[in-house]
A.B. asks: 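A single structure is presented below for examination.
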Amino acid sequence: NAGVTQTPKFRVLKTGQSMTLLCAQDMNHEYMYWYRQDPGMGLRLIHYSVGEGTTAKGEVPDGYNVSRLKKQNFLLGLESAAPSQTSVYFCASITGSVVNTGELFFGEGSRLTVL
Amino acid sequence: KQEVTQIPAALSVPEGENLVLNCSFTDSAIYNLQWFRQDPGKGLTSLLLIQSSQREQTSGRLNASLDKSSGRSTLYIAASQPGDSATYLCAVGGNTPLVFGKGTRLSVIA
């Protein structure tokens with residue numbers, strides 16, 4: 001059981017480039033989340049999804065887009081990367097049939113550097 | 001808006017000591033509270049999940065308590081070991097997605 005898998009694990013971009021982070025979970029979870037973690041700022045929610053075909057904005061959504069075309073996958077896109085988006089990105093999915101009542105499982109993280 | 005605070009930000013203890021990590025939250029209308037462990041360069045691993053109707057949860061040397069009315073949770077670690085060194089985060093779930101504290105960085109010295 002792989003759990004939550006993120007790809008790529010490391011990436012270096014130049015300002016203005018675009019990229020997509022992929023999150024895949026094999027636990028049949030409905031809810032999936034993208035967080036970013038920065039020193040001194042803790043974990044902040046970027047976007048989340050409550051099911052296939054749905055997305056919603058979190059605390060810091062600007063500069064990011066997401067898609068949930070398949071239940072098991074949640075993609076995070078950066079259309080025009082900026083140095084302020086240098087961070088470690090974590091994907092998570094949650095058990096349970098009611099939002100925010102289950103146990104949260106995290107991927108290993110994707111470290112992104114924007115030069 | 002829910003705010004979660006963890007004090008202290010860092011803690012260093014000698015091996016074998018029992019210790020308590022604190023988590024406080026501003027809105028008591030929560031569904032659950034979850035404690036995580038994060039090792040350097042790694043993702044978060046769930047330690048304990050306490051539903052709003054529960055007072056505590058135990059797993060091995062770990063015991064987490066929840067007092068909704070006072071907006072507090074504690075994580076008790078018994079007989080600490082160097083392998084317990086990590087950052088411990090709490091997160092609360094309510095009407096909005098989980099809100100995280102900034103964590104307590106624990107160092108257990110052999």
Side-chain angles (χ1 to χ4, degrees), chain A residues 2-7 9-10 21 23 25 27 29-51 54-61 66 74 87-111, chain B residues 1-10 21 23-54 57 59 62 64 66 68 73 86-105:
Chain A
V4 179
T5 303
Q6 294 180 227
T7 53
K9 291 183 171 44
F10 301 94
L21 298 176
C23 176
Q25 53 95 2
M27 297 174 282
H29 291 167
E30 290 291 339
Y31 306 99
M32 298 185 72
Y33 306 84
W34 276 107
Y35 289 90
R36 60 177 289 174
Q37 187 175 40
D38 303 289
M41 302 294 292
L43 276 157
R44 293 180 292 170
L45 182 66
I46 305 172
H47 286 280
Y48 63 101
S49 168
V50 299
T54 75
T55 63
K57 294 180 179 179
E59 181 184 357
V60 289
V66 287
F74 194 28
S87 186
V88 181
Y89 292 86
F90 287 100
C91 176
S93 66
I94 200 164
T95 62
S97 59
V98 178
V99 64
N100 304 323
T101 61
E103 185 177 4
L104 198 60
F105 291 86
F106 277 85
E108 287 289 304
S110 297
R111 186 175 298 273
Chain B
K1 176 184 173 185
Q2 179 72 271
E3 293 182 0
V4 180
T5 303
Q6 292 186 249
I7 295 173
L21 305 180
C23 172
S24 62
F25 46 94
T26 55
D27 184 353
S28 61
I30 65 171
Y31 296 156
N32 60 27
L33 186 143
Q34 196 165 353
W35 281 93
F36 296 87
R37 168 184 173 139
Q38 185 176 28
D39 294 293
K42 299 292 186 180
L44 282 72
T45 300
S46 177
L47 297 173
L48 291 164
L49 171 67
I50 310 176
Q51 300 295 349
S52 60
S53 59
Q54 299 174 318
Q57 281 285 346
S59 176
L62 305 179
L66 174 63
K68 276 182 53 179
S73 175
T87 297
Y88 291 81
L89 297 96
C90 69
V92 296
N95 289 325
T96 56
L98 273 74
V99 177
F100 283 80
K102 294 183 179 180
T104 295
R105 189 172 67 253

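Proteins come first, then strands; the chains are lettered A, B, ... in the order of their sequence lines, and each starts at number 1. These numbers come from the heavy atoms of this one structure, side chains and all, not from hydrogens, waters or symmetry mates.
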A.B. asks: Which region of Leu45(A), side chain (C-beta onward) or backbone (N, CA, C, O), has a non-hydrogen atom less than 4.5 Å from a non-hydrogen atom of chain B, or is it both or neither?
C.D. replies: side chain
A.B. asks: Is chain A contacted by the side chain of Leu89(B), its backbone, both, or neither, given a heavy-atom distance below 4.5 Å?
C.D. replies: side chain
A.B. asks: Can you see which heavy atom on Leu49(B) is nearest to which on Gln57(B), and at what distance?
C.D. replies: O-CG, 3.3 Å
A.B. asks: Any sub-3.5 Å donor-acceptor pair from Gln37(A)'s side-chain atoms to Phe90(A)'s backbone N or O?
C.D. replies: no
A.B. asks: Check whether Tyr35(A) gets within reach of chain B through its side chain, its backbone, both or neither, counting any heavy atom under 4.5 Å.
C.D. replies: side chain
A.B. asks: Would you confirm whether Ser73(B), through its side chain, and Leu66(B), through its main-chain N or O, come within 3.5 Å as a donor-acceptor pair?
C.D. replies: no
A.B. asks: May I ask you to check whether Gln6(A) and Ser110(A) show a side-chain donor-acceptor distance below 3.5 Å?
C.D. replies: yes
